[in-house]
Structures are given as structure tokens and as C-alpha cells.
Amino acid sequence: MRDIYHAHRMMRQIRQNAMQRGVIAVLDVGTWKIAALILKFDGPEVFREDDGVSSMAGQSNFRVIGAATTRSRGVRFGEIDAMTETERAIRTAVQAAQKMAGVRVDHVIATFSGGAPRSYGLDGTYALENSAVTESDVARVLANCDMPDLGEGREIMHAQPVNFSLDHRAGLSDPRGMTGRELATDVHLLSVDRAVIQNLLYCIKRCDLELAGVASSAYVAGVSALVEDEKELGGACVDLGGGTTSVSVFLKKHMIYGDCVPMGGDHVTMDISKGLQVSLANAERIKTVHGGVHATGMDDRELIETGGETGDWEHDRRNVSRSELIGIMRPRIEEILENVRDRLDAAGFEHLPSQQIVLTGGGSQVPGLDGLATRILGNQVRLGRPMRVRGLPQAATGPGFASTVGLCLFASHPQDEWWDFEIPVDNYPARSVKRAVKWFKDNW
Amino acid sequence: MQSLKAKRSTKNNANDPAPSRISYRLQRLWLTPFFRSLLRTGVPAFSVALFVAWYVSDQDNVDKILVKFSEVRTSIEERPEFMVSMMELKGASDEVAEDIREILPVDFPVSSFHLDMALVKETVEGLDAVKSANVRLRSGGIFELVVKERIPAAVWQSHDGFNAIDETGRRVSDLAAREARMDLPILAGEGADKHVMEGLLLTMISQELGHRVVGLVRVGERRWDVVLTNGQRILLPEEQADQALERVIALDQAQDLLNRDISVVDMRQSNRPTVRMSKTALDNLRQIRMIEFEGINQ
């Protein structure tokens with residue numbers, strides 16, 4: 001158990017050092033695009049009264065000083081597929097962001113959506129020695145959680161205590177200082193494929209960067225796209241990306257479920273390409289310019305030039321009606337949303353007090369998607385955009401950047417993870433100096 | 001599937017926005033603050049220092065620089081605007097002017113950078129005959145020297161011979177003989193030059209006595225004697241010598257004192273003026289007294 005957290009502890013250390021130095025980069029390795037932002041931690045924003053509400057209501061202590069996006073290469077389903085290609089794409093993004101910022105970054109926090117994330121709910125109990133709960137008691141109860149069998153080649157990505165209960169009082173967010181006899185906790189654990197993380201790590205290392213943290217795309221998209229009460233009362237974030245659709249469920253400001261449907265906008269494009277017999281680039285253009293999910297009578301008359309460069313005049317000069325395009329797009333989007341529905345059902349989403357669903361990601365920009373999603377997912381669906389952060393260029397404020405912006409918030413306001421607590425004394429090897437020091441620390 | 005072995009051609013790279021590994025690393029290096037400051041200040045400074053060191057290591061180069069430097073310096077100094085071609089001497093009599101020209105450490109024409117005005121002033125004022133000197137450079141390269149000469153007020157006779165001195169006692173020139181300046185009063189004795197003003201005052205007062213006055217002698221460096229023709233002396237006190245002399249003159253005018261056969265009028269004790277008679281007068285007086293005495297006795 002300890003060695004699993006060793007890497008996470010080290011990354012946390014690197015992240016703290018980097019933030020103390022003031023500059024850190026965030027890197028969103030997506031299937032469609034790779035985005036790099038460079039954050040400068042320079043204290044809270046100076047707020048003028050005539051500005052209105054500042055970004056993040058003045059709660060942010062960082063500023064984006066460099067931003068760059070590049071077309072992703074060598075990534076499929078949110079996983080690295082051709083490493084040298086991905087490395088080139090990361091280099092492109094990081095170099096452009098560095099150029100804009102005018103500073104060199106050495107530490108990077110990365111996110112990706114692949115690796116088949118799987119959620120586990122853990123619980124542990126601990127009988128308190130003293131009546132008041134101390135921080136070491138919290139560490140002990142976390143250590144007492146029974147570990148599920150993650151399976152071969154799986155790695156823990158997030159392990160966040162989401163709930164504490166003391167005797168019969170449940171739903172405590174901070175039990176420290178409270179009195180009781182038995183402390184219990186619920187931990188949400190997210191595991192991903194180890195090979196995927198290692199590939200990403202290796203790729204980042206080849207770019208002369210140091211990984212200072214890694215987060216699931218489902219989690220960070222939810223962090224930036226959901227608003228406070230949605231996170232508090234229960235909400236799901238559906239991040240429709242290029243190769244994957246990430247789903248995360250939030251309750252009481254914690255992620256309680258995260259999953260990923262390996263289907264996204266690229267599949268829609270591929271369907272269009274196959275159905276209309278056009279190139280992928282053309283299909284992408286047609287999708288973004290003319291795409292939709294609700295066909296009306298007007299759409300039968302609206303003809304779209306398919307274009308093409310095959311040299312066959314008859315082939316290149318075809319026209320298709322928009323209804324045909326919608327007829328291709330809609331079943332695939334419905335399929336994606338139905339998959340999302342399945343995941344939400346599996347997570348027990350219908351038991352949450354509020355069932356707000358927020359659609360974000362580049363795929364959520366399809367006109368009429370919210371109407372379609374209402375039919376499949378439930379009544380409370382809205383389109384979400386990421387939170388405003390200081391210094392973010394206008395081009396990077398769209399819904400496609402939800403997980404990128406969420407990663408900024410992950411860097412500046414990290415939630416407690418399991419490895420943020422000290423390891424209890426019992427878990428140190430016997431006769432170690434550290435154990436002695438710890439014993440002194442705890443008892444004085 | 002893309003080729004794993006084929007080299008990426010430059011043609012393909014033109015469409016590839018990705019920076020090469022080298023350019024990526026170079027850009028990161030360039031953005032490193034330390035490296036950047038090193039390259040922007042350290043390297044130029046070091047290369048300049050290196051070049052200077054290399055250039056100076058050869059003695060010929062140093063000589064060349066020094067020669068060139070002095071050439072430039074000379075060419076600037078010797079521009080006609082800075083040259084002083086002649087001296088204009090004002091306020092000096094011919095002999096003094098000659099003396100000044102002789103001792104002046106300047107050979108015209110000379111650059112004004114090399115003309116030490118303070119030294120010239122000091123040198124000229126070092127002459128006995130010169131009371132003060134004003135030096136300035138006038139436009140047109142003229143060096144103007146305005147001299148105020150000392151005016152001799154008396155002749156001072158001492159062990160060194162005759163000297164003309166001004167009223168402060170400073171020597172103006174030496175005289176071959178008293179006859180050279182018969183118009184000046186003569187003062188004699190050690191320390192007379194320290195009290196010239198008093199001597200001159202007494203001389204003025206003694207004009208009343210006409211040609212009888214020869215001169216004044218300072219006695220014992222504390223008081224004056226007025227020496228008259230045929231060896232008569234008026235001994236004056238240290239204090240209020242002028243009043244004492246006036247009293248003698250009044251006495252002379254009233255009683256014709258000095259025409260009598262006396263050698264010394266002693267005014268040193270102001271409440272008891274004393275007259276010393278000459279030897280012949282004393283003998284005569286004694287004879288007269290004797291005759292009178294004999295007449296009485298007969």
C-alpha cells in the first residue's frame with residue numbers, strides 16, 4: 001500500500017516546490033487537441049471596484065501567462081498510441097506556451113481521459129483512542145480502509161476521502177476536534193491502466209519536463225464546469241471529447257464516480273466520412289459548420305457541398321441535404337448519450353438529491369444537443385462552459401477547454417487525497433528512526 | 001501505417017508544426033534566466049576584456065596607443081586658438097620689466113594649457129620691486145601681466161649698505177650710495193625697517209629743523225635718535241616720540257636751542273628733558289664760572 005502512494009507523494013512534493021517557485025504548466029493530452037497553459041502563482045488578483053465580479057470571484061491566486069493549443073497526434077481514445085508523434089505535439093504546445101509566457105517551465109501537471117478509469121467506493125472504521133478526533137486519527141481511519149482488488153496492471157489515480165461519519169452522525173466534512181467513539185470514512189478511489197500513465201510519464205520526460213501531478217479528465221472537467229451548488233447537491237459532468245466521453249458525478253463537493261465512454265466526436269466525424277464518402281478533414285468541416293441533431297423540414301432544402309479533391313468531378317461536386325447529415329450524426333450521438341446513461345445508472349445517479357447534468361467538451365457545441373440529451377439523460381440538462389480564470393485567452397474559454405481549466409483549479413485548489421495525510425505510526429517498519437520521530441511528534 | 005524506419009524528409013517537416021528536439025531544447029535554454037543574463041552581459045563583457053587583454057599584451061600596440069594619444073593631445077593643444085604668442089607687461093618701469101622678462105619661466109609662443117598662471121604670478125610677486133601682479137589671458141593670444149611696483153619711501157642704511165624700502169619696510173632695491181636717492185629720508189640702525197611708518201612721521205616733523213637734519217637712527221631696536229649736522233643728536237623716547245620731537249622743535253624755535261653748543265638733547269624721560277653740552281661749551285662754562293668765582297673772592 002505504501003509504495004503505491006510513493007509516486008503520488010513525490011509528485012505532490014514537486015508540485016508544491018514548483019508552486020513556491022511560482023510557475024507551473026498544465027497539459028491536457030486529449031484525442032483531438034493538446035493544450036498547454038502556463039500558470040504563474042503571484043498572489044491574489046488585484047480587484048478594481050468597477051470591474052464587477054472578478055474571475056473566480058477573487059479566489060484565484062494564479063494567472064495564465066501562456067497558452068497554446070495544437071492538433072493532437074498519436075492519441076486514440078485518450079491514450080497515447082504513437083509516442084513519438086505525441087511527443088512532438090506536446091513539444092509544439094509547450095514551446096508555443098513558453099514563447100507566449102517568456103518563461104521556461106520544468107514542471108507540468110497532466111490530464112488524460114483514457115486508461116479505462118474505474119471507480120471504487122471504499123470504507124474504513126477506526127475506534128478512537130481519545131474521544132476527540134485528531135489528524136492522526138483521520139490518517140488511521142484512511143489506513144484502515146479495505147483495499148479492493150484493482151486487478152493486474154492498475155494504478156490508483158485519485159483516492160479522495162469524501163465523507164466522514166462519527167458514531168451515527170454521517171456526512172461530516174471535517175471531523176477533526178469532534179468527539180465520538182468510532183470514526184468511519186468513505187473514500188472514492190479511481191484506478192486507471194498503469195501502462196497508460198507510464199506512457200504519458202515517459203512522453204513528458206522525453207520533453208525534458210517533470211510530471212508534478214496527474215489527474216483524470218473526468219474529474220477536472222467536472223471541477224471547472226459544475227457550479228458550486230451542483231457539486232454540493234449532486235451533479236454529473238459529461239465531457240464530450242474527441243475520442244472519449246468522460247462522465248463524473250459530484251456530491252458534497254467531491255467526485256463520487258468517474259468513468260469514461262470510449263466514444264466521442266471523432267466517431268461522429270468518421271461516420272460522416274463513411275456515410276457521405278468524403279475525407280476526414282471534410283467530414284470534420286461539415287460536422288462543425290452544418291452539424292446538428294434535430295432535423296426539420298427546412299433542413300431537407302438546405303444543401304451542403306461535400307467538396308473533395310479526388311479529381312472525379314461528379315464525386316467532388318455532390319450535394320447532400322442537412323437532414324442526411326443529421327441522420328448520420330444523430331444515431332451516433334444518441335449511442336454516446338445512451339452509454340453515458342448506462343454509466344450514470346450504474347453509478348446510482350438517480351438517488352442523488354439533485355440530478356443536474358452538465359454537458360461540456362468540444363462535442364457539446366453541436367446545435368440542439370441539449371434537447372437530445374434531455375430525452376436520454378433526464379430533464380435537468382444544461383450546457384456548461386469552464387470557469388473564468390485570470391489571463392486565459394478568449395480562444396481557450398470554450399467548452400472544449402473545460403478539463404484544461406479544471407486542471408488549473410486542480411493545481412491551485414487541490415482536494416485532499418489519501419496521500420496528503422501522514423502515514424500512521426503502525427504502518428512504518430518497526431525499529432525505524434522515522435517511526436520514533438513520528439511517535440514523538442504524535443505524543444507531544 | 002506510417003513508416004517506422006524512414007527518415008522524415010524536410011518536405012514533410014515543412015507541414016509539421018512541431019519543433020525539432022534541438023530547437024525545443026535551445027528555446028528552453030534561452031528562456032533560462034541565468035543563461036540569458038550570461039549570454040547578454042557575461043559573454044560580451046568577457047569577449048571585450050579578452051580582446052583588450054590580447055591587444056595590450058603586445059608592447060608595440062601599447063606604444064602605438066601612447067604615441068597616438070600624445071599626438072592627438074599635442075595637436076589639440078597647439079591649435080592657434082589655444083596659443084599664447086606675446087606678453088603685454090603693464091605698470092612696470094623699464095628696469096623692473098627687464099627683471100620680469102628675465103625671470104619669467106615662459107618662452108613664447110606657448111600653448112595656454114602649458115601656461116601656469118599661478119606660477120607666473122608667484123614668480124613675479126617674488127620680485128622685491130613688485131608689490132602685486134595680475135595675470136590674465138586676453139583674446140588674441142595675449143598674455144597680460146599688470147604689475148604694481150613698490151614705491152620706495154625711505155633709504156635704509158644697515159650693515160648691508162643702502163637699501164631703498166617702502167613704507168612697510170619691504171626692500172625695493174639696493175642703492176650704491178646715499179646720493180642715488182637724495183630725495184628720500186634716511187633711516188639707519190637695526191630694526192629700522194620694522195618701524196618705517198614711525199620713522200617717516202618723525203622725518204616729516206623734523207622738516208621744521210630744515211637742513212640741519214641728517215637722518216634717523218634706530219637705537220637698540222626700540223627707539224629713535226634724530227641725528228643733526230655737526231653731530232648733534234636728539235634722543236627720543238620709545239613712546240610718543242613725535243610729541244617729544246615737537247617739544248624740541250618748539251624749544252628750538254623759542255630759545256634757539258640747537259644753535260647753542262650742545263651735543264645731545266635727551267628727551268627719553270618726558271618729564272625731565274636733559275641737555276648735554278659739548279666739551280668746549282662745558283670748558284667755557286667752567287672758565288666763566290671760575291672767573292665769576294674769582295671775582296667774588298677778590
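Residue numbers begin at 1 in each chain, while the letters A, B, ... track the order of the sequences.
Heavy-atom pairs under 4.5 Å with chain B peak, among Thr70(A), Asp106(A), Thr84(A), at Asp106(A).
Using modelled atom types, one finds a donor on one side chain and an acceptor on the other under 3.5 Å when comparing Thr244(A) with Ser113(A). Using modelled atom types and a 3.5 Å distance limit, the side chains of Lys33(A) and Thr69(A) yield no donor-acceptor pair. A side-chain donor-acceptor contact under 3.5 Å links Asp28(A) and Thr404(A).
Ion pairing between Glu284(A) and Lys287(A) holds under the 4.0 Å rule for side-chain N and carboxylate O.
Residue Ser23(B) touches chain A through both its backbone and its side chain, counting heavy-atom pairs closer than 4.5 Å. Within the 4.5 angstrom heavy-atom criterion, no atom of Arg71(A) approaches chain B.
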